[in-house]
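In what follows, a structure is listed as structure tokens, so that the remarks can point back to it.
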Amino acid sequence: RATFQRVAKQSQDILKLLTIMSARAEKRMNMRLIDLKKCEDREQLRVFGELIKANLFALENGQRFAEVQNYYDENLGVIRIPMNPALTPSQNAAKYFKDYKKSYTAEQTLKKLIEADKQEIEYLDSQIVSLANKLNNISVQNFAISSEEVNLGEENSSGTSSSQSG
């Protein structure tokens, strides 16, 4: 009986650990999903870089904004692009392209990591269910053994009293 209790205690500890690991993996995946959402605007970075590059002749150093015609827009409207005044217009364009590339790479990496997180969570959850089922079986077996011990104890005490009276 002590063995059952020790195994049950260890199993509960492992179950708790698996639950914590699953929760951490889920939290990590949710943070990565938020980061992935941020990558959705990366195309805008490329467009900004292209528009600055196409209008380098009209832009001056030290500008905070570049107001240029957006040839990506079907109405060819004017767009206002934030620029770093400490950088030249070509450096600003290069920065937008660099940020675009960084965002693209991050998106590809995050997709792989999120998929790995999903698999890890699925695995941990299956282990949690399996261990919980085994814990229930251990509890049932422990209850059955306890019942047998009680029944044996009653039979022994009954048998002892009937042999004394006979």
Side-chain angles (χ1 to χ4, degrees), residues 4-143:
F4 281 119
Q5 290 174 343
R6 189 177 73 248
V7 169
K9 173 71 172 117
Q10 289 173 344
S11 297
Q12 288 172 345
D13 291 346
I14 293 170
L15 186 63
K16 183 178 180 182
L17 179 65
L18 287 172
T19 303
I20 290 170
M21 290 172 64
S22 179
R24 285 182 183 163
E26 198 162 325
K27 183 177 180 182
R28 185 177 56 239
M29 184 181 73
N30 287 335
M31 296 300 288
R32 288 178 176 159
L33 286 169
I34 290 169
D35 289 344
L36 184 62
K37 187 86 169 146
K38 292 176 187 173
C39 292
E40 289 178 355
D41 296 334
R42 73 178 154 76
E43 199 58 35
Q44 185 72 26
L45 298 171
R46 187 187 62 78
V47 169
F48 283 175
E50 290 287 345
L51 292 174
I52 291 173
K53 188 177 172 185
N55 290 284
L56 283 176
F57 66 92
L59 300 174
E60 299 175 9
N61 290 346
Q63 285 183 285
R64 292 189 178 277
F65 296 97
E67 291 189 4
V68 297
Q69 187 175 22
N70 184 359
Y71 54 85
Y72 287 97
D73 183 13
E74 55 188 57
N75 298 329
L76 298 176
V78 174
I79 187 170
R80 188 173 184 168
I81 302 171
M83 292 179 48
N84 183 343
L87 303 176
T88 66
S90 62
Q91 289 172 329
N92 272 290
K95 182 172 180 349
Y96 277 115
F97 287 129
K98 181 181 174 185
D99 290 347
Y100 167 78
K101 178 102 171 125
K102 183 178 175 182
S103 183
Y104 176 80
T105 304
E107 181 181 28
Q108 300 309 310
T109 303
L110 286 169
K111 284 180 179 178
K112 291 176 185 173
L113 291 173
I114 289 169
E115 186 57 38
D117 287 341
K118 285 180 183 176
Q119 290 175 357
E120 181 182 358
I121 291 166
E122 189 175 299
Y123 172 76
L124 289 170
D125 288 347
S126 71
Q127 295 303 307
I128 289 169
V129 168
S130 175
L131 188 57
N133 288 338
K134 288 178 183 173
L135 266 174
N136 287 338
N137 289 342
I138 288 172
S139 296
V140 168
Q141 288 174 352
N142 192 17
F143 178 76

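Here the structure is a predicted model, which is why all the values come from computation and not from measurement.
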Test item: Ser103 side-chain N/O and Asp99 main-chain N/O as donor-acceptor pair under 3.5 Å: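 Flag not set: sc Ser103 to bb Asp99 has no pair under 3.5 Å.
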Minimum side-chain heavy-atom gap [X]-[Y] below 4.5 Å:
| X | Y | answer |
| --- | --- | --- |
| Arg46 | Arg42 | no |
| Asp41 | Leu45 | no |
| Ile114 | Leu33 | yes |
| Arg32 | Leu36 | no |

Within this structure, what is the [atom1]-[atom2] distance for the pair [X] and [Y], rounded to the nearest 0.5 Å?
| X | Y | atom1 | atom2 | value |
| --- | --- | --- | --- | --- |
| Lys37 | Leu110 | NZ | CG | 14.0 Å |
| Tyr71 | Gln69 | OH | CD | 10.5 Å |
| Asp13 | Leu131 | CG | CG | 10.5 Å |

Only pairs at least two apart or in different chains count here, so list each ring-ring contact (aromatic ring centres under 6.0 Å, His included) that has a residue in residues 37-70.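 Qualifying pairs, neighbours excluded: Phe48-Tyr96.
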Please give me the minimum heavy-atom distance between [X] and [Y], naming the atom from each residue.
| X | Y | result |
| --- | --- | --- |
| Cys39 | Ala106 | SG-CB, 4.1 Å |
| Leu15 | Ala132 | CD1-N, 4.4 Å |
| Ala93 | Ile52 | CB-CG2, 3.7 Å |

Using the rule given for side chain to side chain contact (heavy atoms under 4.5 Å, CB included), can you reason through Tyr100 versus Val47, listing the C-alpha separation, both sets of side-chain angles and the distance that settles it, and then say yes or no? CA-CA 9 Å; Tyr100 167 78; Val47 169; over 6 Å; no
May I ask you to decide whether Glu115 forms a salt bridge with Lys112, counting only side-chain N to carboxylate O separations under 4.0 Å?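 So Glu115 does not pair with Lys112 through a salt bridge.
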Presence of salt bridge, Lys53 and Glu50, under 4.0 angstrom: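 No, Glu50 and Lys53 are not salt-bridged.
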Should we say atom OH of Tyr104 is surrounded by more than 12 heavy atoms from elsewhere, each under 6.0 Å from it?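 Open: at most 12 neighbouring heavy atoms sit under 6.0 Å from OH of Tyr104.
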Under 3.5 Å donor-acceptor pairs involving side-chain atoms of residues 74-92, not counting sequence neighbours:
residue: Asn84; atom: OD1; partner: Ala86; partner atom: N; Å: 2.9
residue: Thr88; atom: OG1; partner: Ser90; partner atom: OG; Å: 3.2
residue: Thr88; atom: OG1; partner: Gln91; partner atom: N; Å: 3.1
residue: Thr88; atom: OG1; partner: Gln91; partner atom: OE1; Å: 3.4
residue: Gln91; atom: OE1; partner: Thr88; partner atom: N; Å: 2.9
residue: Asn92; atom: OD1; partner: Asn84; partner atom: N; Å: 2.8
residue: Asn92; atom: ND2; partner: Asn84; partner atom: O; Å: 3.1
residue: Asn92; atom: ND2; partner: Leu87; partner atom: O; Å: 3.4
residue: Asn92; atom: ND2; partner: Thr88; partner atom: O; Å: 3.1

Listing, residues 118-128 side-chain donor-acceptor contacts under 3.5 Å, not counting sequence neighbours, or none:
residue: Glu120; atom: OE1; partner: Arg28; partner atom: NH2; Å: 2.6
residue: Asp125; atom: OD1; partner: Ser22; partner atom: OG; Å: 2.9
residue: Ser126; atom: OG; partner: Tyr123; partner atom: O; Å: 2.6

